[in-house]
2 protein chains.
Amino acid sequence: MVNKQIRRAVPYWTEVEDVFGNSRRGSSDRRVRRTRKAVQQALVELILEKGYEAVTVTDLINRANVGRSTFYAHFTDKQDVLFSNLDELSSLLRLAPASRPGPLFAFSLPMFEHLHEQRRLARALLGRRGGSAVMARGEQILATIVRDELLAAFPPRSTPPDSLDLMVTCVVGAFMALLRKWVDGELTATPAEMDAAFRAVVTPGVEIAFRR
Amino acid sequence: MVNKQIRRAVPYWTEVEDVFGNSRRGSSDRRVRRTRKAVQQALVELILEKGYEAVTVTDLINRANVGRSTFYAHFTDKQDVLFSNLDELSSLLRLAPASRPGPLFAFSLPMFEHLHEQRRLARALLGRRGGSAVMARGEQILATIVRDELLAAFPPRSTPPDSLDLMVTCVVGAFMALLRKWVDGELTATPAEMDAAFRAVVTPGVEIAFRR
DNA sequence: TTATAACCGAACACATTGTTCCGAAACAAG
DNA sequence: CTTGTTTCGGAACAATGTGTTCGGTTATAA
């Protein structure tokens with residue numbers, strides 16, 4: 001009577017790692033790919049319709065036409081689905097070699113351009129209707145990028161480290177604020193214009209602070 | 001058998017208005033004041049312990065030692081309690097005459113100072129563990145302040161209006177990012193240092209953009 | 001073809017929300 | 001102090017959402 005069969009969905013998978021450091025997988029079984037994609041797409045649709053907070057797991061499985069037990073065989077949470085969607089956006093955050101000499105904040109333009117192409121997904125994940133978790137993680141990643149870039153561009157001795165933190169926070173905060181309003185459609189501008197505005201406000205202050 | 005008696009808690013109240021434009025009241029009945037304050041304090045405590053999202057209404061009424069029906073006689077939501085707490089912080093946002101000549105972004109230092117005094121409350125309401133609604137509203141209010149300040153300091157013709165929006169977004173984004181990390185204790189600095197860092201990064205870019 | 005794994009869906013226990021009701025207690029006014 | 005009013009407490013309730021279990025069915029890969 002004891003059920004010794006281990007019930008595992010998503011078995012023979014190869015490991016991949018997303019921007020969160022979580023392990024994600026690419027399946028060999030067609031059913032698995034089908035189910036996961038259906039749920040992910042359903043989440044994006046529902047976020048754009050009602051906002052992330054308002055989306056329930058019941059909504060998801062109805063929209064995706066997936067059984068309840070099936071859902072929980074693949075994802076632990078609503079949030080798990082949210083994060084799984086980030087695989088597609090992760091490449092975007094991986095650019096920025098950080099040690100290449102050049103103009104400051106080189107990540108800006110490519111990032112705006114990439115988000116422009118993925119408008120729909122970006123809006124769902126990064127906009128106000130999306131959960132704040134994605135933005136928070138993006139902020140974190142961007143902070144290390146900016147920090148490394150500044151340390152590479154200027155001799156580390158010229159500034160006390162805690163002052164550097166303050167500066168990084170300012171720069172990242174300005175960028176993320178621009179980005180959020182842009183994907184939400186509250187700002188109408190081309191990627192080039194966004195990049196120009198960001199750099200115009202932020203760069204002079206940074207360079208003066210480093211007395212270049 | 002019909003209950004014609006209108007059951008209203010919180011009756012003979014004088015109107016007040018908070019930063020959200022909602023009407024709040026100061027009661028003459030001691031029981032009412034006692035109940036409201038108990039719930040508000042309970043929320044602050046619980047936010048600092050578990051974070052806003054994790055706090056349930058049941059948690060609130062247990063911590064505050066208040067009956068369930070009593071709670072719903074005073075507040076509609078968890079969020080309603082959150083907003084009601086803002087009365088204490090509202091004065092902080094009301095400063096900034098906006099039309100007085102002087103250094104740019106004069107709101108910055110007083111705001112950091114005031115938040116430093118109200119450390120505990122500020123952390124609960126504005127920090128990561130607090131709901132994002134408060135931050136969102138603060139951002140909105142600050143945006144109009146910054147916008148008015150820039151329009152007052154520079155002739156409106158010198159800049160296209162949509163470019164102004166971009167700049168305002170940058171400035172507000174930088175400030176709010178600093179503020180959030182500061183109240184969360186991720187940044188250790190005095191109010192004066194916070195103000196200096198904010199102005200150092202942001203001011204040069206703004207003044208150059210307006211070719212002063 | 002066949003063994004296996006994924007799927008469906010119902011049923012379940014549990015938590016949370018917001019409402020209703022009534023007796024008890026606190027309050028303010030006279 | 002008495003009296004009429006208002007608030008409080010707390011149980012009970014329906015409604016909704018979550019996450020788990022399990023037996024039967026179907027799709028998949030080899």
Side-chain angles (χ1 to χ4, degrees), chain A residues 1-14 25-43 46-47 50-82 84 131, chain B residues 1-14 25-43 46-47 50-82 84 131:
Chain A
M1 274 308 174
V2 180
N3 181 17
K4 292 209 169 193
Q5 180 189 10
I6 299 174
R7 302 191 141 270
R8 44 173 177 149
V10 199
Y12 298 127
W13 283 356
T14 55
R25 301 125 195 275
S27 171
S28 60
D29 194 322
R30 182 189 299 159
R31 290 171 293 180
V32 173
R33 292 194 302 268
R34 196 186 94 94
T35 296
R36 291 184 66 90
K37 175 152 283 183
V39 173
Q40 290 172 333
Q41 286 182 341
L43 180 63
L46 288 166
I47 285 179
K50 333 168 46 175
Y52 175 74
E53 307 293 344
V55 176
T56 69
V57 173
T58 305
D59 288 336
L60 277 177
I61 64 185
N62 287 338
R63 179 65 62 100
N65 284 312
V66 153
R68 188 168 199 77
S69 56
T70 304
F71 174 88
Y72 284 105
H74 287 279
F75 305 98
T76 68
D77 280 322
K78 201 174 64 169
Q79 179 166 291
D80 196 26
V81 185
L82 184 69
S84 77
Chain B
M1 275 305 176
V2 180
N3 181 15
K4 290 209 169 194
Q5 180 190 10
I6 299 173
R7 302 189 141 273
R8 45 176 177 146
V10 198
Y12 299 127
W13 283 355
T14 55
R25 302 126 195 276
S27 170
S28 60
D29 195 320
R30 181 187 299 158
R31 291 170 294 180
V32 174
R33 292 194 301 268
R34 195 186 95 94
T35 296
R36 291 184 66 90
K37 175 152 284 183
V39 174
Q40 289 172 334
Q41 285 183 339
L43 180 63
L46 288 167
I47 286 179
K50 336 170 40 177
Y52 175 74
E53 308 293 346
V55 177
T56 69
V57 173
T58 305
D59 289 334
L60 278 176
I61 64 184
N62 287 340
R63 178 66 62 101
N65 284 313
V66 153
R68 189 167 199 77
S69 56
T70 305
F71 174 89
Y72 283 107
H74 288 279
F75 305 97
T76 69
D77 280 321
K78 202 173 61 167
Q79 179 166 291
D80 195 26
V81 185
L82 184 69
S84 77

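Residue numbering restarts at 1 for every chain, and letters A, B, ... go by the order of the sequence lines.
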Worksheet entry | Euclidean distance, atom CD of residue B:E53 to atom C1' of C:dT16 [Å, nearest integer] | 15 Å
Item to complete: Might you point out which heavy atoms bring A:F75 and A:D80 nearest each other, and give the distance in Å?
Response: CA-OD2, 3.3 Å
Worksheet, complete the sentence: note: A:R30, atom CZ; C:dT4, atom P; distance rounded to Å ~ 21 Å
Fill in: Below 4.0 Å: OP1/OP2 of D:dC8 and any side-chain N or O of B:T35
yes
Worksheet item: Between atom CG in A:D29 and atom P in D:dA30, what is the gap in whole Å?
Response: 10 Å
Practice prompt. Kindly indicate whether the side chain of A:D59, heavy atoms from C-beta on, has any atom under 4.5 Å from the side chain of A:R63.
Written response: no
Practice prompt. Determine yes or no for a side-chain-to-main-chain donor-acceptor pair under 3.5 angstrom, with B:K78 supplying the side chain and B:L60 the backbone.
Written response: no
Discussion item. Working to the nearest 0.5 angstrom, can you tell me the gap between B:R31 CZ and B:T70 OG1?
Written reply: 10.5 Å
Discussion item. Closest-nucleotide mapping onto DNA chain C: is A:R68 or B:D77 further toward the 5' terminus? I mean the 5' end.
Written reply: A:R68
Practice prompt. Take atom CD1 of A:I61 and atom P of C:dC8, then tell me their distance rounded to the nearest Å.
Written response: 10 Å
Worksheet item: Roughly, in whole Å, what's the span from CG in B:N65 to P in D:dG10?
Response: 9 Å
Item to complete: Using a cut-off of 6.0 Å, state whether more than 12 heavy atoms not belonging to B:K37 lie near its atom NZ.
Response: no
Item to complete: Report the distance from atom CZ of B:F75 to atom C1' of C:dG18, rounded to the nearest whole Å.
Response: 16 Å
Worksheet item: At under 4.0 Å between heavy atoms, what does B:D59 touch on the DNA or RNA strands: base, sugar-phosphate, or nothing?
Response: nothing
Worksheet entry | Nucleotide nearest A:R31 when distance is taken to its side chain, options C:dC8, D:dG19, C:dA5 | C:dA5
Fill in: OP1 or OP2 of D:dT20 under 4.0 Å from side-chain N/O of A:Y72
no
Discussion item. As a test of reading the structure: which of D:dG17, D:dG9, C:dC7 is closest to the side chain of B:V66, going by heavy atoms?
Written reply: D:dG9
Item to complete: Can you tell me the distance, in whole Å, between the CG atom of A:N62 and the P atom of D:dG17?
Response: 10 Å
Worksheet item: So does B:S69 get a side-chain nitrogen or oxygen closer than 4.0 Å to the phosphate oxygens (OP1/OP2) of C:dG18?
Response: no
Worksheet item: Nearest-Å distance, NZ (A:K50) to C1' (D:dT16)?
Response: 12 Å
